[in-house]
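Note that this is a predicted model, so its numbers are computed, not measured. Side chains included, hydrogens not; waters and symmetry mates left out as well; all remaining heavy atoms used.
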Amino acid sequence: MVRMPGSSLFDKRNISWSPVQLSVLNRTFYLSTTPTPDVQYRLTLKAEDRSGLFDTANITFYINDTNQAPTCHNYSVTMDLVTPVGTEVVTVSCADNDTTPEFSELVYRGNIGGNNDYFSMNSTGTISLARALPVGVVNTTYSVHAQDGGGLSGTAVVNIRINSNYPPRCNISQAIATFRETDPAGTCSQQVTCQDSANRSLPLNVSVAGGLGQRPMVVNTTQLATDGLALSLCIMQDGSNAVENFSVQVDVSSLLGVVSVKWNVSIRDVNQAPYFRRSAYRLAVMENVAVGESLAVVRVATNISDTGSDADIVAYDPDLLTDDFKIQNISLDLKVEYLNGTHLENLSPAPLRLVNSSLRVVAPLRADFVYQLTFTAQDGEGLTGNVTLTITINDTNQPPECHPDSVLTVDLKTSVSTKVYTIQCSDPDVDPKFHSLTFGLHTELNYTFFNVTAATGDVMLVKPVPRTARDLHVKVFASDGGGLTANTTLNFTVSGNYSPVCSPVYVPPDTEWTHGRCFRVEPHCSDPSTPDGDLSFLKYNFSGNFLNAFTVNKSLENGTYAEFCYTMYTNGSFQMDLRVDNGLGTYLWNYVVTVMYLRAAPRFTETVYTGFVNESAAVGLIVLMVRATVNGTKGGVVYTLLDDGGDFGLFFKVDNQTGDIRVLADLVTRVATTLSGHITAEDQTTGLNTTAVIHVKVEDVNQPPVCNSSRVSSVVPWNVAPQQVIARVACWDPDPTPSFSNITYLIVGDGVWDINSTSGDVFVKARSLLLPEKSTFAFNVTVTDGAYNITVLLNIVVNRTAPSPNVTVTRVDPTSASVAWTFDPVYEGVIQMLIVETAHVNGTHVQRAARPPSARDYVVEQLTPLQTYIIVVVVVGMDTNSSSNSRQFTTQQAIIADSKLTFTEGLIIENDNVTLTCTARTPGSTAPSSGGHVRG
């Protein structure tokens with residue numbers, strides 16, 4: 001401070017100096033800025049009055065440094081409870097403005113305080129964690145003192161906040177637990193594991209905070225080996241139809257906080273198959289139950305206690321919550337079985353049908369049927385349940401039913417005492433006393449022509465059918481055992497194509513045509529409507545313009561021939577028509593008569609030619625030699641077969657020059673028939689022709705039987721039943737003649753097998769004849785038609801192959817094993833012996849044991865411990881054939897010890913593992929076995 005002489009002139013004057021700003025107040029000068037210590041300042045001071053006079057003075061001063069205390073500020077920091085020991089928490093820094101080194105150097109030390117033993121501090125002011133913070137510490141303070149070289153000090157307070165919010169840590173915070181409604185009690189969800197996040201091994205507590213649905217649930221906890229808990233949400237009790245979605249919240253807590261685990265629980269509906277309340281239903285109804293009547297109600301139960309009445313067929317589906325799982329429909333499958341149980345079959349159309357959940361009769365029921373109805377309940381996903389309803393029908397007497405054929409015919413030439421029909425009547429009753437029928441005849445209609453066999457209903461012709469009758473009627477009846485009767489009328493139409501049959505022949509004059517020359521027509525007719533060649537009903541009528549040129553010289557009244565003579569003198573062609581009528585039909589014949597005046601047509605040596613030929617005749621064989629001669633011309637004759645619509649020309653041909661009739665094709669298909677045709681002979685010069693008739697009968701020739709194969713083989717089981725068909729010899733005879741075509745089968749030279757002489761089926765006479773020492777049979781079967789014999793070799797092999805066994809091996813102890821085998825019981829009769837073979841895998845230690853056929857197991861002994869063996873079971877059959885199967889196994893480890901094992905070493909516990917070292921003595925030996933240890 002600079003003091004100036006007192007003067008009012010200088011009051012409140014500012015004097016500036018450089019570089020330090022000074023303030024003048026009441027003649028006192030103050031530093032307005034902080035000068036730098038240890039620095040010398042030189043200033044010039046100027047004092048000036050109001051008149052402008054002034055004086056100056058130079059001032060020199062030196063600023064000395066004085067010790068000042070350090071300045072510190074407080075700190076606030078936050079650290080975690082789990083901060084590792086040695087971690088730097090904060091560095092405290094205080095300021096000292098002294099420039100003198102002995103004043104400005106600071107030394108830090110921690111003040112003894114509340115929790116300062118958890119922390120340490122170095123000389124530079126860095127605070128570190130000295131030991132782990134205990135649970136429960138929330139806030140603490142730490143005082144730091146900074147002292148300079150002059151002994152002055154400053155204090156900094158460090159406020160430390162401990163973050164102890166360390167709730168348990170779980171691997172899942174929201175878990176999904178899905179159960180099925182049918183899951184039993186004890187079914188648990190996926191585990192959630194929770195541990196102490198502070199790694200202080202703090203105990204964890206579990207509590208259910210909320211949730212839980214209708215299905216009782218429980219949270220199970222399991223202590224983990226590495227500290228912590230495993231949590232599972234589990235079903236407490238069995239149940240179903242508890243389909244729901246809910247959540248369960250569980251709080252897991254420790255001293256450091258709480259964490260929540262939430263399970264989103266879904267109990268899903270599981271589709272279960274529907275079923276019926278009863279395992280089977282039975283119902284008996286009368287045969288005459290009315291169509292439309294309801295026999296039972298088929299419905300779905302609404303709850304589990306709904307079982308229905310005796311007239312209800314009740315289906316139930318345990319799925320009550322999901323529509324798609326509920327029963328969607330109930331279907332019906334109907335089969336019928338005859339009372340004698342012969343077979344079971346579908347019946348269409350079905351007489352029983354489901355109509356609006358009611359089982360109704362839609363067609364009459366039959367007493368000879370047992371109706372089996374299978375009801376199938378099906379849910380929306382296709383699961384089904386079935387039940388059978390058996391309906392038996394009680395018989396009531398019903399009248400017979402007759403259903404005669406709508407078209408009945410009787411041939412005009414039917415012989416007396418011939419059965420012409422069997423009355424088609426039946427009785428629907430099953431009861432024998434109602435079912436049998438007696439037949440009879442009402443006598444008011446045509447009773448003189450028919451009679452009826454009472455037992456069989458055969459209608460017999462008792463008088464010849466009148467030739468003029470076109471229909472006949474007879475009324476018959478059928479009466480059952482209960483006296484009920486059915487009547488019916490049989491309407492017979494008299495049938496038969498009995499038109500005249502003719503083969504007319506035109507016979508020209510034997511010389512050339514001149515006036516008065518005559519030709520003949522030979523009709524060669526027969527009347528199939530009359531027996532014994534009676535032609536009395538035949539009526540002949542000629543027409544055509546030929547009557548203008550010819551006169552009738554002889555009529556056909558006697559049926560032999562008609563003769564017409566030429567009345568003209570010129571050439572001409574004339575139409576001639578012949579009509580033959582027997583009252584039942586008509587035969588028509590047309591012919592053109594050609595007259596070449598002074599010329600003559602060829603003339604056949606016969607008007608009708610008849611020949612015979614064997615069915616086996618070779619193609620080209622001459623059957624007939626037909627000849628025609630020509631008078632008055634020099635021209636030759638050409639022979640031609642007429643195409644008259646028959647099949648004569650398919651099998652025969654004519655030599656155009658000679659008239660020889662030869663075989664054209666194989667005649668086997670026409671055996672035992674007569675082929676007819678017409679042949680013309682034409683004069684090559686005049687063109688005139690003549691026609692003749694040809695008949696050729698194809699005669700049957702006995703031929704040997706024909707077999708599909710000359711050798712038949714069959715393999716049969718050894719226990720084939722007698723009369724069971726095991727092979728068939730298939731042969732046939734090509735002959736149509738019954739006396740040639742009946743074949744018989746005979747076995748030659750074998751007493752074991754037999755054959756059906758008609759069908760060729762082969763079977764064994766008796767099972768005992770299949771001798772154990774013989775399995776192959778070869779013998780001949782003779783097939784004969786009485787004239788020819790065919791031999792077929794039959795080979796039969798009896799299958800007595802040994803079966804392949806199913807083998808299992810079970811270890812008994814280190815030196816033995818049990819072997820068991822099975823096979824199809826049907827082969828037991830063909831087994832002679834069983835062999836059990838045991839061998840080491842290297843081929844040594846071979847054992848062989850024979851066992852009887854009834855044996856099914858065997859114990860193999862004297863084996864070496866901990867070795868691999870192969871066991872083979874061989875099955876030997878009746879024909880010394882064999883079949884086998886094998887299994888490989890390893891024997892057990894042998895355990896050798898005294899009755900009391902003494903452990904001589906100590907127990908070592910290391911890293912939670914226990915090592916136990918011991919020695920054991922081999923029985924009978926003082927030397928210990930090799931040392932070993934067990935870890936647990």
**Message:** If we ignore hydrogens and angles and just use 3.5 Å, is the side chain of N74 paired with the main-chain N or O of V157 as donor and acceptor?
**Reply:** yes
**Asked** Can you find a pair of side-chain heavy atoms, one from V144 and one from C72, that are under 4.5 Å apart?
**Response** no
**Asked** Counting only N and O atoms by type, is there a donor-acceptor contact under 3.5 Å from the side chain of Q237 to the main-chain atoms of I235?
**Response** no
**Item:** Atom pair CD1 (I330) and OG1 (T376), whose distance is rounded to the nearest 0.5 Å
**Value:** 9.5 Å
**Prompt:** Closest approach of L383 and Q272, non-hydrogen atoms and distance?
**Reply:** CD1-C, 3.9 Å
**Request:** Hey, could you give me the CD1/CD distance between I267 and E181, rounded to the nearest 0.5 Å?
**Result:** 9.5 Å
**N264 versus S247, side-chain donor and acceptor atoms under 3.5 Å** = no
**Request:** Would you tell me whether T126 and T91 have side-chain atoms, one donor and one acceptor, within less than 3.5 Å of each other?
**Result:** yes
**Prompt:** Considering residues, nucleotides and ligands other than E102, do more than 12 of their heavy atoms fall under 6.0 Å from its CD?
**Reply:** yes
**Request:** Begin with the C-alpha distance, continue with both residues' side-chain angles, and end with the deciding distance and a verdict on side-chain contact (heavy atoms from CB on, under 4.5 Å) for Q888 and T868.
**Result:** CA-CA 7 Å; Q888 180 173 306; T868 301; 3.5 Å; yes
**Request:** Could you tell me whether L224 atom CG has more than 12 heavy atoms of other residues or ligands within 6.0 Å of it?
**Result:** yes
**Message:** Do S260 and D251 pair up side chain to side chain, a donor and an acceptor below 3.5 Å, judged on atom types alone?
**Reply:** yes
**Request:** Taking the side chain as every heavy atom from C-beta outward, state whether P814 and L866 have any atom pair closer than 4.5 Å.
**Result:** no
**Fill in**
Between the CG atom in N122 and the OG atom in S128, the distance rounded to the nearest 0.5 Å is 6.5 Å
**Message:** Tell me whether D80 contacts the main-chain N or O of T83 through its side chain, where contact means a donor paired with an acceptor under 3.5 Å.
**Reply:** no
**Request:** Please name the pair of heavy atoms, one in C94 and one in L106, separated by the smallest distance, quoted to 0.1 Å.
**Result:** O-CD1, 3.5 Å
**Item:** Main-chain N/O of Q68 paired with D98 side-chain donor or acceptor, under 3.5 Å
**Value:** yes
**Asked** Would you say F119 and I160 make side-chain contact, with heavy atoms under 4.5 Å?
**Response** yes
**Request:** Determine the minimum heavy-atom distance between F103 and D96, stating which atoms define it.
**Result:** O-OD2, 3.1 Å
**Message:** Any heavy-atom pair between the side chains of V208 and M217 that's under 4.5 Å?
**Reply:** no
**Request:** Please report the shortest heavy-atom distance between C234 and N220, naming the atom on each side.
**Result:** SG-ND2, 3.2 Å
**Side-chain touch M79/L129, heavy atoms, less than 4.5 angstrom** = yes
**Message:** Please determine whether the number of non-hydrogen atoms from other residues, nucleotides or ligands lying under 6.0 Å from atom CZ of R268 exceeds 12.
**Reply:** no
**Prompt:** Distance-only, no hydrogens or angles: does the Y75 side chain make a donor-acceptor pair with backbone N or O of S93 under 3.5 Å?
**Reply:** yes
**Request:** Start with the C-alpha distance between H145 and R109, add both sets of side-chain angles, then the distance that settles side-chain contact (heavy atoms from CB on, under 4.5 Å), and finish with yes or no.
**Result:** CA-CA 5 Å; H145 299 277; R109 66 182 182 89; 4.3 Å; yes
**Asked** When rounded to the nearest 0.5 angstrom, what distance separates OG1 in T864 from OH in Y869?
**Response** 3.5 Å
**Request:** Answer whether the closest heavy-atom distance between the side chains of P865 and T815 falls below 4.5 Å.
**Result:** yes
**Asked** Would you say the side-chain atoms of T891 pair up with the backbone N or O of Q867, donor to acceptor, closer than 3.5 Å?
**Response** yes
**Request:** Answer whether the closest heavy-atom distance between the side chains of V89 and Y118 falls below 4.5 Å.
**Result:** no
**Message:** Tell me the closest heavy-atom pair linking L863 and A817, and the distance in Å.
**Reply:** CD1-N, 4.2 Å
**Complete:** The single option from V259, V135, L204 that satisfies side chain to side chain contact (heavy atoms under 4.5 Å, CB included) with S254 is L204
**Fill in**
CD1 of I176 to CH2 of W263, rounded to nearest 0.5 Å, is 13.0 Å
**Request:** Show your reasoning for whether side-chain contact (heavy atoms from CB on, under 4.5 Å) applies to Q195 and T193.
**Result:** CA-CA 7 Å; Q195 294 177 308; T193 59; 5.7 Å; no
**Prompt:** Can you name the nearest heavy-atom pair linking A69 to D148, along with the distance?
**Reply:** CA-OD2, 4.3 Å
**Message:** Are there over 12 heavy-atom neighbours, none belonging to E244, within less than 6.0 Å of that residue's CD?
**Reply:** yes
**Request:** Could you tell me whether the side chain of R161 and the main chain of S76 form a donor-acceptor pair under 3.5 Å?
**Result:** no
**Request:** Answer yes or no: is there a donor N or O on one side and an acceptor on the other, between the side chain of S197 and the main chain of P167, under 3.5 Å?
**Result:** yes
**Asked** Checking S266 side chain against T178 main chain: does a donor-acceptor pair fall under 3.5 Å?
**Response** no
**Request:** Kindly indicate, with the supporting measurements, whether the criterion side-chain contact (heavy atoms from CB on, under 4.5 Å) is fulfilled by Q378 and I327.
**Result:** CA-CA 6 Å; Q378 181 174 355; I327 293 176; over 6 Å; no
**Result of checking D379, T182, D317 against N271 for side chain to side chain donor-acceptor pair (under 3.5 Å)** = D379
**Prompt:** Can you check whether G228's main-chain N or O pairs, donor with acceptor, with Q223's side chain at less than 3.5 Å?
**Reply:** yes
**Asked** How many angstroms lie between atom OG1 of T140 and atom OH of Y142, to the nearest 0.5 angstrom?
**Response** 10.0 Å
**Prompt:** Do V819 and V860 have side-chain heavy atoms sitting under 4.5 Å apart?
**Reply:** yes
